[in-house]
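In each ligand, atom 1 is the first atom listed, and ligand 1 is the first ligand listed.
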Amino acid sequence: MTAQPNLSKQAIPPKSGEPIIKAVDVHKHFGSFHALRGVNMSVQSGEVVVIIGPSGSGKSTFIRTINRLEAHDQGTIVVDGMELKDGQNLDAIRREVGMVFQSFNLFPHLTVLQNVSLAPIRVRKQPKAQAEARAMELLTRVGIEEQAYKYPAQLSGGQQQRVAIARALAMDPKVMLFDEPTSALDPEMIKEVLDVMKGLAGSGMTMLCVTHEMGFAREVADRLVFFDQGNIVEDTTPEQFYNNPQHERAKAFLSKVL
Ligand code: ADP
Ligand code: MG
């Protein structure tokens, strides 16, 4: 598999059955601030959901609750049939959920290859040679195999973000969460990262992406979810959202970003 986008989804089974992510009435407070106010979201296996909304509306907080980088304080979150509750199932869920952040968060003192193979060796107890062979495959998939023996600081931002994607994929996640993965990148590097994400979407990966990249949303999102003030106020197709937003705040948001 290469970094070329493969947008054919025909081989992928229909999106039905139990959702792989199910969030019901999720609340989160930071002190007295009510950051998530009863969020409900179900995601089917293979779905690509793009999350947009104003700054401070709870997008990051919500996706971080899915692998418990933030603990929710009310409601239920079930990932692949396992409920996230009081630390139960935490390791199992984190193994199934990969995450890519705005800041790439690579280990600066490790090479690209070591960054990608570290968790499989340490957490999955894979033999080093096997983990490194798989890491090379993933680096090829994100188009960056020539950089394998370099350190993160020697790479461009777009290359570092592609390493971060390969690193998350190395754990064979069932779901990938992206939190504004291109927001810290120079414009000329955004496309190379979005192309990798498109390829991943085309391969059938379940993805939740916070991004304001409208072209990406239109091209690959099955659903577009708009957050405002700690809740989802629209959950629709990208076409419906762009052509006919229902909520006043969504209209106001679109008039600013388009
Ligand atoms: P978004 O990603 O939509 O911009 P966030 O989920 O990051 O929004 O933040 C939602 C709200 O919660 C913001 O008002 C933010 O200031 C607040 N918040 C987020 N994280 C924390 C935290 N760790 N402590 C206190 N407040 C926080
Ligand atoms: Mg955010």
Side-chain angles (χ1 to χ4, degrees), residues 21-43 48-77 79 84 86-87 90 93-94 97-106 157-158 160-161 164-165 168 175-187 189-190 193-194 197 206-217 220-221 223-236 238 241-242 245-258:
I21 299 171
K22 189 168 187 190
V24 179
D25 194 30
V26 171
H27 290 259
K28 170 72 183 173
H29 290 80
F30 293 109
S32 61
F33 182 72
H34 200 174
L36 296 179
R37 305 180 178 208
V39 176
N40 293 295
M41 188 192 287
S42 286
V43 180
V48 177
V49 178
V50 162
I51 298 175
I52 66 171
S55 180
S57 58
K59 306 179 299 294
S60 296
T61 303
F62 177 67
I63 69 166
R64 290 165 64 88
T65 63
I66 293 168
N67 62 354
R68 215 176 181 81
L69 290 176
E70 300 288 357
H72 56 294
D73 41 42
Q74 194 185 316
T76 52
I77 299 176
V79 180
L84 254 183
D86 307 329
L90 184 57
I93 287 177
R94 286 210 176 135
V97 180
M99 183 147 183
V100 174
F101 303 87
Q102 179 175 336
S103 53
F104 326 119
N105 297 356
L106 299 175
Q160 289 187 54
Q161 193 59 300
I165 294 172
V175 175
M176 286 281 283
L177 308 176
F178 293 86
D179 193 359
E180 304 207 34
T182 60
S183 299
L185 299 177
D186 291 336
M189 291 168 193
I190 291 175
V193 171
L194 292 178
M197 292 170 64
T206 308
M207 294 165 55
L208 238 65
C209 313
V210 178
T211 180
H212 293 154
E213 290 294 333
M214 299 301 178
F216 173 81
V220 306
R223 274 160 62 200
L224 194 144
V225 166
F226 183 80
F227 265 73
D228 188 55
Q229 298 184 354
N231 219 333
I232 293 173
V233 298
E234 295 214 26
D235 185 344
T236 181
F241 183 80
Y242 293 121
Q246 300 297 308
H247 198 280
E248 280 311 316
R249 288 190 203 275
K251 289 179 193 169
F253 180 82
L254 274 177
S255 71
K256 280 185 218 143
V257 296
L258 286 183

Find all atoms of ligand 1 within a distance of less than 4.0 Å from any non-hydrogen atom belonging to [X], and give their numbers and elements.
| X | value |
| --- | --- |
| Pro54 | 3 (O) |
| Ser57 | 1 (P), 3 (O), 8 (O) |
| Ala35 | 12 (O) |

Considering only heavy atoms, which of Phe30, Phe62, Phe227 lies nearest to atom 18 (N) of ligand 1? Phe30
Identity and distance of the protein heavy atom lying nearest [atom]:
| atom | answer |
| --- | --- |
| atom 9 (O) of ligand 1 | Thr61 OG1, 3.7 Å |
| atom 7 (O) of ligand 1 | Ser60 CB, 3.7 Å |
| atom 10 (C) of ligand 1 | Gly56 O, 3.4 Å |

Tell me the closest heavy-atom pair linking Ser57 and Gln229, and the distance in Å. CB-N, 3.8 Å
Taking every heavy atom of Gly157 against every heavy atom of Phe104, the minimum-distance pair comes out as O-CZ, 3.6 Å
Any side-chain heavy atom of Gln74 within less than 4.5 Å of one from Asp25? yes
Say whether Gly53 and ligand 1 are in contact under the criterion: heavy-atom distance to a ligand atom below 4.0 Å. no
Proximity flag Gly230 to ligand 1, non-hydrogen atoms under 4.0 Å: no
Phe227 and its side chain to side chain contact (heavy atoms under 4.5 Å, CB included) partner, picked from Val233, Ile52, Val39: Val39
Does the plane of the ring in His29 sit parallel, tilted or perpendicular to the ring in His34? Use 30° and 60° as the thresholds. parallel
Would you say atom 16 (O) of ligand 1 has a protein heavy atom nearer than 4.0 Å? no
Verify the contact flag for atom 21 (C) of ligand 1, where contact means a protein heavy atom under 4.0 Å away. yes
More than 12 heavy atoms from other groups under 6.0 Å of CZ on Arg249: no
Say you draw a straight line from CD1 of Ile93 to CG of Asn67; how long is it, rounded to the nearest 0.5 Å? 9.5 Å
Could you measure the distance from the CD atom of Glu70 to the OG atom of Ser60? Nearest 0.5 Å is fine. 9.5 Å
Under 3.5 Å: N/O of Lys59 near N/O of ligand 1: yes
Looking only at distance, does Phe33 have an N or O less than 3.5 Å from an N or O of ligand 1? no
How far apart are the C-alpha atoms of Arg64 and Lys28, what are their side-chain angles, what is the distance that settles it, and do they pass the side-chain contact (heavy atoms from CB on, under 4.5 Å) test? CA-CA 11 Å; Arg64 290 165 64 88; Lys28 170 72 183 173; over 6 Å; no
With respect to the Mg ion (ligand 2), please indicate if Ser55 possesses an N, O or S atom at a distance under 2.8 Å. no
